[in-house]
Each structure stands twice: as structure tokens, then as C-alpha cells.
Amino acid sequence: MLRAILLGPPGAGKGTQAAKLVEKYSVPHISTGDIFRKNIKEGTELGKRAQEYMNKGELVPDDLVIEIATSRLLEDDCKDGYLLDGFPRTVHQAEELDKFLQAHGSKLDYAINVAVEKEALITRLTGRRVCEKCGAGFHIVNLQPKVEGVCDECGGKLIQRADDTLETVENRIDVYEKQTMPLIQYYEKAGNIVNVNGDQELDKVFADIVSALGE
Ligand code: AP5
Ligand code: MG
Ligand code: ZN
């Protein structure tokens, strides 16, 4: 059982660590960013609304995100835990999540904060490649696929995310600092924050998270 959120700047490695954590703890991985990208790909109304903000590196409006995340948490597979990735990312979202969980007699076990210096984030994001088909993440230097441009997991084509251009990356980091960083204090106050140094080898970051969660 694990009811947790992953907190951290764009490129901190939330998605990378989430993939490993959900396997270990057998809980669903809920990434609001992934949900929006799926909707954009499918051309839904939600996708169209979200895309305007995402392409500029701005946050999608709170009401829209809260509705999507909380309705996802009501699905059956979340009964025995979940790992939220990229939600909440404003204090208002965090308050609404707490209210929602409280109303369902539940609460978060951990807010896992993965910290990485700004310079490293830019290199990570501009060099990131993702599988068009299954969403698996790679990096042109740090996490190379076995065959260039091809996903190790499913053979799909590796592409660059639309918001991984230098200009948008810089804005995403600014937006993080202004709107999301205050959440660190929010969860410090709540007493369930776990701070991890994300500026280390992937496996070391993972080991640190697991040991901080007490296993
Ligand atoms: P989202 O998809 O959540 O993007 P993000 O927060 O910007 O974070 P990323 O996915 O870019 O980074 P990550 O931390 O997952 O890093 P990764 O593991 O891939 O959100 C996108 C957009 O959707 C937002 O801008 C917003 O518009 C909207 N949105 C989503 N949720 C929202 C919300 N709650 N409210 C409002 N709007 C919302 O790693 C990055 C790269 O680094 C990879 O190439 C990886 O291989 C490499 N790497 C990872 N770990 C390491 C390591 N330890 N060492 C070296 N390289 C590493
Ligand atoms: Mg991600
Ligand atoms: Zn794939």
C-alpha cells in the first residue's frame, strides 16, 4: 500500500522514478501530464483546452486538473494506493486533494520531493526522448535506448515532447518556482514530506526513495 505524490521541478525524474516505484509497490501511476498528452493525441475537447497551456509551459487551470485527478482517484484500481506524478502543483490543488481524501476517509502517506539543480534540469529536458506508443522515457546521453530512436520496451518511435524546447523548458522552470515550490512548505507543515536528492544516478535516487519510505 502506498498513497503518495511525487513533487519536483520539470525534469527532476518524477516519471522515471514513478515507473520503478509503481512496479515495486503495485499501485497505479497517475500522471496528469500523461493524461493531458493522451487527450491531445486523441483530439478530445479536454486535450484542446490543455494544449494551449502546455505548449507555453503554463499550468492548466486548477479546476480542470482537480476534476481530472480526483475522478481518476475514484477508479477501482486506486483502492489500495496510487502514485500521483505532477499533481498537485499549486497550493490550491493540494488543499482540494486533501479535502477530497478527507471526505473519503483517507489521506496521503508521503509527498516525495525530488530535488535537482536548475542547470541539470535543462540538459535533462532538452535531451529527453519519449516513446510515441507507450510513453517510456529515455535520454540522448543519460538513458540511451539500445537502438537509437527506438523504444526498448515496445519498439515504438522515440520523439521529443512539444514542451521540451529550450524556451518552454525555461518557462516551465519559472512556473515551477513560482507556483509549485510553495508546496514543499505545505507538506513540511503536514509532516509527510520525504526529501530526496534527485541529482544522482537513477538507481541511487530510487534506492533513496525506497529507504525513505521505510522498506
Ligand atoms: P508533466 O508531464 O507533469 O511535466 P513536468 O512536471 O514538466 O515534468 P516532466 O515530465 O517534464 O519531468 P519528470 O520529472 O517526469 O522527468 P523525467 O522522469 O521524464 O506536465 C506537463 C504539463 O502539463 C505542465 O507544464 C502543465 O501545463 C500540465 N500539467 C500537468 N499536471 C498539471 C497540474 N497538476 N496542474 C496544472 N497543469 C498541469 O526525466 C527527464 C529526463 O531526465 C529524461 O530524459 C530522463 O531519462 C532523465 N533523467 C531522469 N532521472 C535522471 C537522473 N537521475 N540522472 C540523469 N538523467 C535523468
Ligand atoms: Mg513526467
Ligand atoms: Zn515504447
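As the structure is a prediction and not an experimental result, all values here were calculated from the model. For ligands, and for the atoms within them, numbers begin at 1 and follow the listed sequence.
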Short N or O distance, L143 and ligand 1, threshold 3.5 Å exclusive = no
Option nearest atom 22 (C) of ligand 1 (shortest heavy-atom distance, choices K204, M54, H92) | M54
Is the closest basic N to carboxylate O distance between E23 and K20 below 4.0 Å?
-> no
Heavy-atom nearest option to atom 6 (O) of ligand 1, drawn from R89, K56, R172 = R89
Is there any N or O on G86 that sits under 3.5 Å from an N or O of ligand 1?
-> yes
Heavy-atom closest contact (L6 atom, A18 atom, distance) = CD1-CB, 3.7 Å
Can you check whether A12 has an N/O within less than 3.5 Å of an N/O in ligand 1?
-> yes
At a 4.0 Å threshold, what atoms of ligand 1 neighbour a non-hydrogen atom of F87?
-> 34 (N)
Quick look: D199 vs ligand 1, heavy-atom contacts under 4.0 Å, and the answer is neither
Identify the closest protein heavy atom to atom 37 (N) of ligand 1: which residue and atom is it, and at what distance?
-> V60 N, 3.0 Å
Opening angle at the Zn ion (ligand 3) [SG, C151; SG, C154; to 10 degrees] | 120°
Using modelled atom types only, decide if a donor and an acceptor are shared between the side chain of K41 and the backbone of G47 within a distance under 3.5 Å.
-> no
Could E95 and K99 be called an ion pair, given the rule that one side-chain N must be under 4.0 Å from one carboxylate O?
-> no
Backbone or side chain, does any N or O of N142 fall under 3.5 Å from an N or O of ligand 1?
-> yes
Please report the shortest heavy-atom distance between L121 and A12, naming the atom on each side.
-> CD2-N, 3.8 Å
Which ligand 1 atoms are under 4.0 Å away from a heavy-atom of P10?
-> 5 (P), 7 (O), 8 (O), 12 (O)
What is the distance from atom CG of D62 to atom CD1 of I66, rounded to the nearest 0.5 Å?
-> 4.5 Å
Given Q17, R129, R124, which one has a non-hydrogen atom that is nearest to atom 52 (C) of ligand 1?
-> R124
Atom 50 (N) of ligand 1 has as its nearest protein heavy atom L202 CD2, 3.1 Å
Between Q51, R161, K14, H139, which one has a non-hydrogen atom sitting closest to atom 4 (O) of ligand 1?
-> R161
Looking only at protein heavy atoms, which one is nearest to atom 35 (N) of ligand 1, and how far off is it?
-> Q93 NE2, 3.0 Å
Check G13 against R124 and note the closest heavy-atom contact, atom names and distance.
-> N-NH1, 4.0 Å
Determine, for D163 against R172, whether the closest basic-nitrogen to carboxylate-oxygen distance falls under 4.0 angstrom.
-> yes
Which bit of F138 gets closer than 4.0 Å to ligand 1, counting heavy atoms only: side chain, backbone, both or neither?
-> backbone
Nearest non-hydrogen protein atom, atom 19 (O) of ligand 1 = R128 NH1, 2.6 Å
What angle, to the nearest 10°, do the atoms SG (C134) and SG (C131) form about the Zn ion (ligand 3)?
-> 110°
Backbone of G86 reached by a side-chain donor or acceptor of R89 within 3.5 Å | yes
R37 N/O under 3.5 Å from ligand 1 N/O | yes
Examine distances only and state if a side-chain atom of D109 and a backbone atom of R3 form a donor-acceptor pair shorter than 3.5 Å.
-> yes
Please indicate whether any nitrogen or oxygen in Q200 is less than 3.5 Å from any nitrogen or oxygen in ligand 1.
-> yes
So the atoms of ligand 1 within less than 4.0 Å of a heavy atom of L125 turn out to be 11 (O)
Looking only at distances, please establish whether an N/O atom of ligand 1 is found under 3.5 Å from an N/O atom of G15.
-> yes
Using a strict cut-off of less than 4.0 Å between a Lys/Arg side-chain nitrogen and an Asp/Glu carboxylate oxygen, indicate whether D77 and R72 qualify as a salt bridge.
-> yes
Carboxylate-amine/guanidinium proximity below 4.0 Å for K204 and D208 = yes
Write out the residue and atom name of the closest protein heavy atom to atom 12 (O) of ligand 1, then the distance separating them to 0.1 Å.
-> G11 N, 2.9 Å
Considering non-hydrogen atoms only, spot the tightest contact between I68 and F36 and give its length.
-> CD1-CE2, 3.7 Å
Among D164, L158, I159, which residue meets the side-chain contact (heavy atoms from CB on, under 4.5 Å) test with R129?
-> L158
Between T123 and E119, is there a donor-acceptor pair closer than 3.5 Å when you use the side chain of the first and the backbone of the second?
-> yes
Which ligand 1 atoms does V65 reach within 4.0 Å, using its non-hydrogen atoms?
-> 33 (C), 34 (N), 35 (N), 36 (C)
For atom 16 (O) of ligand 1, grab the closest protein heavy atom and report residue, atom and distance to one decimal in Å.
-> G13 N, 3.3 Å
Using a strict 4.0 Å cut-off to heavy atoms of G198, name the atoms of ligand 1 that fall inside it.
-> 53 (N)
Considering only protein heavy atoms, which is closest to atom 25 (O) of ligand 1, and at what distance to one decimal place?
-> E58 O, 4.1 Å
Considering only non-hydrogen protein atoms, determine which one is nearest to atom 18 (O) of ligand 1 and report residue, atom name and distance to 0.1 Å.
-> T16 OG1, 2.5 Å
With side chains defined as the heavy atoms from C-beta onward, is the minimum distance between T90 and T180 less than 4.5 Å?
-> no
Side-chain donor or acceptor of Q144 paired with backbone N/O of I140 under 3.5 Å = yes
Which atoms of ligand 1 sit under 4.0 Å from any heavy atom of T32?
-> 30 (C), 31 (N), 32 (C), 34 (N)
